[in-house]
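As a basis for the values below, the full set of heavy atoms in this structure was taken, side chains included, without hydrogen atoms, waters or symmetry mates.
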Amino acid sequence: MARVPSAVMNVRHRLRRGPRALTRRHRTHRSTPATPALAPRPRPLVRALGLVTVVVLGAWLGLLVVGNVRVPVGPMDTTMTLRPSLTGGTKINVSPLGALQLDSHTAPVRLDVNVDQLDPDRSQALVDHPERLSGLQDEVTRDIAHGTADLAVRSGVAVVTGATALGLAVYRRPRRALAAGGLALALLAASGGTAYATWNPDSVLEPKFSGLLSSAPSLVGNARSIVTEFDVYQKELARLVTNVTKLYDATSTLPAYQPDPTTIRVLHVSDIHLNPASWKIIASLVEQYRVDVIVDSGDTMDHGTAAENGFLDPIEDLGAPYVWVRGNHDSLVTQRYLERMRNVHVLDDGRATTIAGLRFAGIGDPQFTPDRSKTSGAEQSQELAGARLASALRDQRAAGTPVDVAIAHEPSAAREADGTVPLVLAGHLHHEETEVMKYGTRLRIEGSTGGSGLRAVEGEYPDPIETSILYFDRDTRRLQAWDSIELGGLGLTTAEVSRHLPRENQPGATPSPSPSTATPSTTSP
């Protein structure tokens with residue numbers, strides 16, 4: 001038998017093994033699944049923002065569903081709730097009268113207190129046992145403290161539950177859900193700490209009431225009592241609840257406002273601009289607040305023509321003396337017409353008059369620009385008019401008859417009276433401002449009591465109707481407090497009253513000195 005070379009045998013062996021090896025390799029390749037490409041993981045910032053969104057939304061939903069407590073406060077049933085807010089504060093809803101807003105704290109949560117109803121049994125117990133009224137404030141304080149503690153616990157449970165449930169629904173991972181709940185609790189605790197750090201117990205001294213205008217004075221109280229009697233926040237809120245109780249007890253008949261008999265009340269109006277609705281509003285305020293004097297700082301008219309004079313006739317029937325200075329939309333024709341009217345006191349060139357125990361002096365606007373044009377030297381003419389007013393005020397003081405309130409239309413003229421009088425009133429700007437000037441004189445600029453007249457429809461939103469009630473001490477003749485009143489503009493029906501106290505009249509403050517006797521410069525400070 002011929003021998004086959006070994007080289008040929010090796011090639012033959014490889015050829016036989018080749019198909020089986022290829023088959024084995026192919027089977028191995030098919031049995032090994034391909035590794036998919038990894039999806040890009042979200043960035044840490046995106047993940048953090050997503051978690052924060054889930055936490056905030058879940059906590060808010062939790063507060064909406066279960067984050068409130070029903071608390072009996074004295075004779076009333078209330079509901080306390082925490083709500084997310086950009087500004088914080090406290091809102092007390094007194095349905096159907098309106099709401100009372102307090103700048104009590106600055107934090108991303110707001111405390112809402114809804115007065116639900118007056119409990120008839122507890123109210124009848126107060127009627128049957130009037131001696132219990134003396135301890136009502138302490139009872140209300142305890143109720144509020146208990147309700148606040150319950151609200152804190154319930155709110156904590158609500159935000160944790162809401163954030164955890166939403167986190168579980170979104171992430172479907174228990175650890176992520178628990179992290180969301182923990183973060184929600186931490187945010188609530190941080191908000192509570194911020195609220196505690198910024199807590200302002202005197203915020204109730206300057207409340208803002210919105211709703212039925214006629215009920216506002218009864219809720220806010222009068223100037224004398226709010227200065228002398230209120231010193232602790234719990235007592236403030238307790239007294240508020242007591243007043244609300246009286247309102248509910250009167251059912252459909254709102255209680256009449258009973259001002260302190262020693263307080264002089266001045267209604268400051270300005271820039272009526274031929275709005276006939278202003279007279280009805282002024283008459284209502286005179287009756288409701290028992291106003292002693294009305295002060296009009298000008299621009300009662302729009303063009304100052306004789307044809308407009310009939311618009312002024314209702315002034316005689318407003319029920320209070322009317323003190324008036326000329327504005328830049330009021331002409332000398334307007335001024336002479338008012339000078340002939342009964343119960344109207346026109347002030348010009350620093351002339352002074354005493355009404356209801358207060359001495360007023362004023363000067364008319366040196367310009368007459370009914371077309372709203374700007375003339376050269378306008379600012380200099382205002383400063384010159386203000387200088388004449390300041391000179392007259394100094395003469396009055398030297399004569400032993402110091403002026404209590406000065407009046408000018410434009411603030412640039414009014415500023416020249418700094419240091420010669422405790423208070424100067426102005427208008428012209430169509431929005432309210434208040435400041436204490438360099439030499440101690442307080443400048444009060446009133447908004448438009450006519451809602452800017454026909455100009456109310458020129459902008460995107462109608463201008464509000466603004467006016468103020470000023471409270472003066474009859475003995476010192478100094479301003480004690482003022483209520484800023486704002487009514488919705490053309491086509492609107494909102495009403496808002498906010499109480500303000502001069503810094504020197506707030507509890508614990510030292511009385512401010514009288515305006516400096518130094519002669520102020522001829523330029524505005």
Side-chain angles (χ1 to χ4, degrees), residues 262-268 292-298 320-327 332 335-336 338-366 381-427 435-445 470-480 502 504 511-525:
T262 65
T263 302
I264 304 172
R265 295 162 302 282
V266 175
L267 173 61
H268 183 199
D292 298 298
V293 184
I294 305 169
V295 172
D296 186 342
S297 50
Y322 201 89
V323 179
W324 184 85
V325 297
R326 187 178 65 252
L332 290 175
Q335 181 163 316
R336 286 192 290 269
L338 281 168
E339 286 174 339
R340 295 193 296 267
M341 294 182 69
R342 174 179 56 86
N343 215 27
V344 175
H345 304 265
V346 175
L347 301 182
D348 200 1
D349 296 323
R351 187 164 57 250
T353 184
T354 300
I355 305 172
L358 290 176
R359 191 159 181 80
F360 299 89
I363 192 166
D365 198 298
S381 67
Q382 293 294 339
E383 293 176 357
L384 182 60
R388 292 203 307 270
L389 175 61
S391 177
L393 295 172
R394 285 191 290 269
D395 292 341
Q396 290 281 343
R397 186 165 56 192
T401 55
V403 171
D404 303 306
V405 182
I407 313 164
H409 178 64
E410 290 209 22
S412 55
R415 292 180 188 279
E416 299 301 314
D418 187 17
T420 63
V421 68
L423 175 67
V424 59
L425 305 179
E435 67 172 291
V436 177
M437 296 184 289
K438 179 179 179 180
Y439 295 97
T441 295
R442 182 180 299 275
L443 171 62
R444 283 268 309 135
I445 303 173
L470 313 179
Y471 301 94
F472 291 83
D473 185 275
R474 188 172 295 274
D475 298 328
T476 64
R477 302 186 302 279
R478 300 298 293 268
L479 182 66
Q480 296 294 302
E504 62 269 20
S512 63
S514 300
S516 171
T517 56
T519 303
S521 62
T522 57
T523 58
S524 300

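- In this structure, the side chains of Asp365 and Gln382 come closer than 4.5 Å at one or more pairs of heavy atoms.
- Here the closest non-hydrogen pair linking Arg351 and Glu339 is NH2-OE2, 4.3 Å.
- Rounded to the nearest 0.5 Å, atoms CD (Glu410) and CD1 (Ile363) are 12.0 Å apart.
- Note that CH2 of Trp324 and NE2 of His409 are 10.0 Å apart. Values are rounded to the nearest 0.5 Å.
- Qualifying side chain to side chain contact (heavy atoms under 4.5 Å, CB included) partners for Asp404, counting only residues two or more places apart in sequence or in other chains: Leu358, Arg359, Arg477.
- Scanning both residues, Pro366 and Ser381, for their nearest heavy atoms gives CG-O, 3.6 Å.
- The two residues Ala426 and Leu443 come nearest to each other via the heavy atoms CB-CD1, 4.3 Å.
- Nearest heavy atom pair, residue Val325 against residue Gly362, reads CG1-CA, 4.1 Å.
- Put simply, the side chain of Glu416 does not reach to within 4.5 Å of the side chain of Leu389, judged on heavy atoms.
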After noting the C-alpha distance and the side-chain angles of Val405 and Phe472, does the key distance pass the side-chain contact (heavy atoms from CB on, under 4.5 Å) rule? CA-CA 11 Å; Val405 182; Phe472 291 83; 3.9 Å; yes
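- Residue Gly364 comes nearest to Asp348 through the heavy atom pair N-OD1, 2.8 Å, listed as atom of the first residue, atom of the second, then distance.
- Looking only at side-chain heavy atoms (C-beta outward), Val323 and Ile355 come within less than 4.5 Å of each other.
- Rounded to the nearest 0.5 angstrom, Asp296 CG and Leu267 CG are separated by 9.5 Å.
- Using modelled atom types, one side-chain atom of Arg265 and one backbone atom of Thr263 make a donor-acceptor pair closer than 3.5 Å.
- Asp418 places a side-chain N or O within donor-acceptor distance of the main-chain N or O of Tyr439, the cut-off being under 3.5 Å.
- Partners of Thr401 according to the side chain to side chain donor-acceptor pair (under 3.5 Å) rule, which considers only residues two or more places apart in sequence or in another chain, are Gln396.
- Of the possible donor and acceptor atoms, none in the side chain of Thr420 sits under 3.5 Å from a partner among the backbone N and O of Arg394.
- With respect to Val266, the side chain to side chain contact (heavy atoms under 4.5 Å, CB included) criterion is satisfied by exactly one of Leu423, Asp292, Val295: Val295.
- In this structure the side chain of Arg326 reaches within 4.5 angstrom of the side chain of Leu332, judged on heavy atoms.
- Scanning all heavy atoms of the two residues, the minimum distance from Ser297 to Gly427 falls at OG-N, 3.8 Å.
- Pairs engaging residues 340-361 under the ring-ring contact (aromatic ring centres under 6.0 Å, His included) rule: none recorded [sequence neighbours left out].
- Between atom CZ of residue Arg444 and atom CD of residue Glu435 there is a gap of 11.5 Å, rounded to the nearest 0.5 Å.
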